[in-house]
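Just follow the structure's listing: the first ligand is 1, and inside any ligand the first atom is 1. Just so it is clear, the model here is predicted, and its values are computed rather than measured. FYI, side chains are in, hydrogens and waters are out, and symmetry mates aren't considered; it's all heavy atoms of this structure.
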Amino acid sequence: MQLTLQSPLDMHLHLRDNQMLKTVAPLSAASFAGALVMPNLIPPITTKQMVQEYKERILEAIDDEVFKPYMTLFFRPEYDYEFLEQVKDDILAIKLYPAGITTNSEDGVDNFSVDALAPTLEAMSELGIPLCVHGETNGFVMDREAEFIPIYERIAKRFPDLTIIMEHITTKDAVDALMRYENLYATITLHHLYITLDDVAGGLLQPHLFCKPIAKRPEDRMALRKVAFMAHEKVMFGSDSAPHPRDKKEAPGCAAGVFTAPIALPALAQLFEAAGVLENLQKFVSDNAQKIYAITPPQKEVRLIKEPFTVPQSYNDVVPMFAGKELTWRVDA
Ligand code: DOR
Ligand code: ZN
């Protein structure tokens, strides 16, 4: 059995820089026609020049593969209309991180009063630049996403023309909120479709499944699966594939992030097939994103073949999700 996907997209991806970029970018390019590239480098991507130079480094790393890096800026409340107008054509979205909430987010936002964010959000709305949000407070770890929902609602109401993407949603509450506002959309990761907190910490601790937001309860996973499996038009695939070297994961102070880029499509096909909804995968991994972001990605056919695929133990020093396990689909090289 085979499945051909047209221009699959990963609308939330960490490619890092330097040697790590060289390791991981070709792996995404082997499976996807494009990806929304996160700006949380050290220092974060905050200028037009940084965007352009980072994009060049990505293109260099993928060599001659067909793969479009859709670039993002790291949100700052002081961006003004003039600056955003100048950078608009180089980016697809701006990513907002709460300060200190996850990897390399120390320079994020610490005042979430809508008035404090309004000038930048107003300009983004006028210029048609989507806002991507890591929606977590610094409250109790299991409640952070739920506590952030009122902030999403305030922004969605005040800026009805602003496209807002709730990144990597993990809860039923988030799915419900998503449905209440026309201008809210969401990405869903592979790992949050597969795992719950039990898989991370229910037995021996699994550092390679530790990420932010942390995986939640079975009923939350069920709510995510429901909208992903029907390829609801408000949701799209964003892996949040977030590579860290093994010594940063298998360590006290384990870094947050699950590395899924090279296994994402086979693992999604396996999950969608088991649910009897393989025909909806195309929408989930490409068509919905094209509509939400109003983009036309490069044409690229990616063929999946239903043959056993043993996931490598590591890619250089990065351990992928399902390392050493056998998946039922593989990407045709
Ligand atoms: O687990 C995560 N890792 N969550 C994020 O939001 C960031 C990411 C990273 O950059 O490592
Ligand atoms: Zn991320």
Please report which non-hydrogen protein atom sits nearest to atom 1 (O) of ligand 1, along with the residue it belongs to and the distance in Å to one decimal place. Lys212 N, 2.9 Å
Quick one: which ligand 1 atoms are inside 4.0 Å of a heavy atom on His134? 6 (O)
Phe148 ring center near Phe112 ring center (under 6.0 Å): yes
For the residue pair Gln206 / Asp199, report whether a side-chain donor-acceptor contact shorter than 3.5 Å exists. no
Assess the side chains of Asn183 and Thr163: does a donor N or O sit below 3.5 Å from an acceptor N or O? no
Between ligand 1 and Arg16, can you find any atom pair, the residue atom being a heavy atom, that is separated by under 4.0 Å? yes
Does His244 come within less than 4.0 Å of ligand 1, judged by its heavy atoms? yes
Protein heavy-atom partner closest to atom 3 (N) of ligand 1 - residue, atom, separation in Å: Ala256 O, 3.0 Å
Of the backbone and side-chain N, O or S atoms of His14, does one lie nearer to the Zn ion (ligand 2) than 2.8 Å? yes
Considering both backbone and side-chain atoms of Gly257, is one of its nitrogen or oxygen atoms within less than 3.5 Å of a nitrogen or oxygen in ligand 1? yes
Region of Asp240 that comes within reach of ligand 1 [heavy atoms, distance under 4.0 Å]: side chain
Any heavy-atom pair between the side chains of Cys132 and Leu36 that's under 4.5 Å? yes
Centroid-to-centroid, Phe284 to Phe272, below 6.0 Å? yes
If you look at Asp240, which of its N/O/S atoms is nearest to the Zn ion (ligand 2)? OD1
Decide whether an N or O pair under 3.5 Å exists between Asn40 and ligand 1. yes
Here the atoms of ligand 1 under 4.0 Å from any heavy atom belonging to Ala242 are 3 (N), 8 (C), 9 (C), 11 (O)
In terms of residue, atom name and distance, what is the protein heavy atom nearest to atom 7 (C) of ligand 1? Thr102 OG1, 3.2 Å
Testing the 3.5 Å rule here: is there a donor-acceptor pair between the side chains of Lys216 and Thr170? yes
Proximal atoms of ligand 1 relative to Cys211 (non-hydrogen, under 4.0 Å): 1 (O)
Quick one: does Phe259's side chain get under 4.5 Å of Met321's, heavy atoms only? no
Do we see a donor-acceptor contact under 3.5 Å between the side chains of Arg16 and His244? yes
Would you confirm whether the ring centroid of Phe75 sits within less than 6.0 angstrom of the ring centroid of Tyr97? no
Please state whether the separation between the Zn ion (ligand 2) and some N/O/S atom of His12 is under 2.8 Å? yes
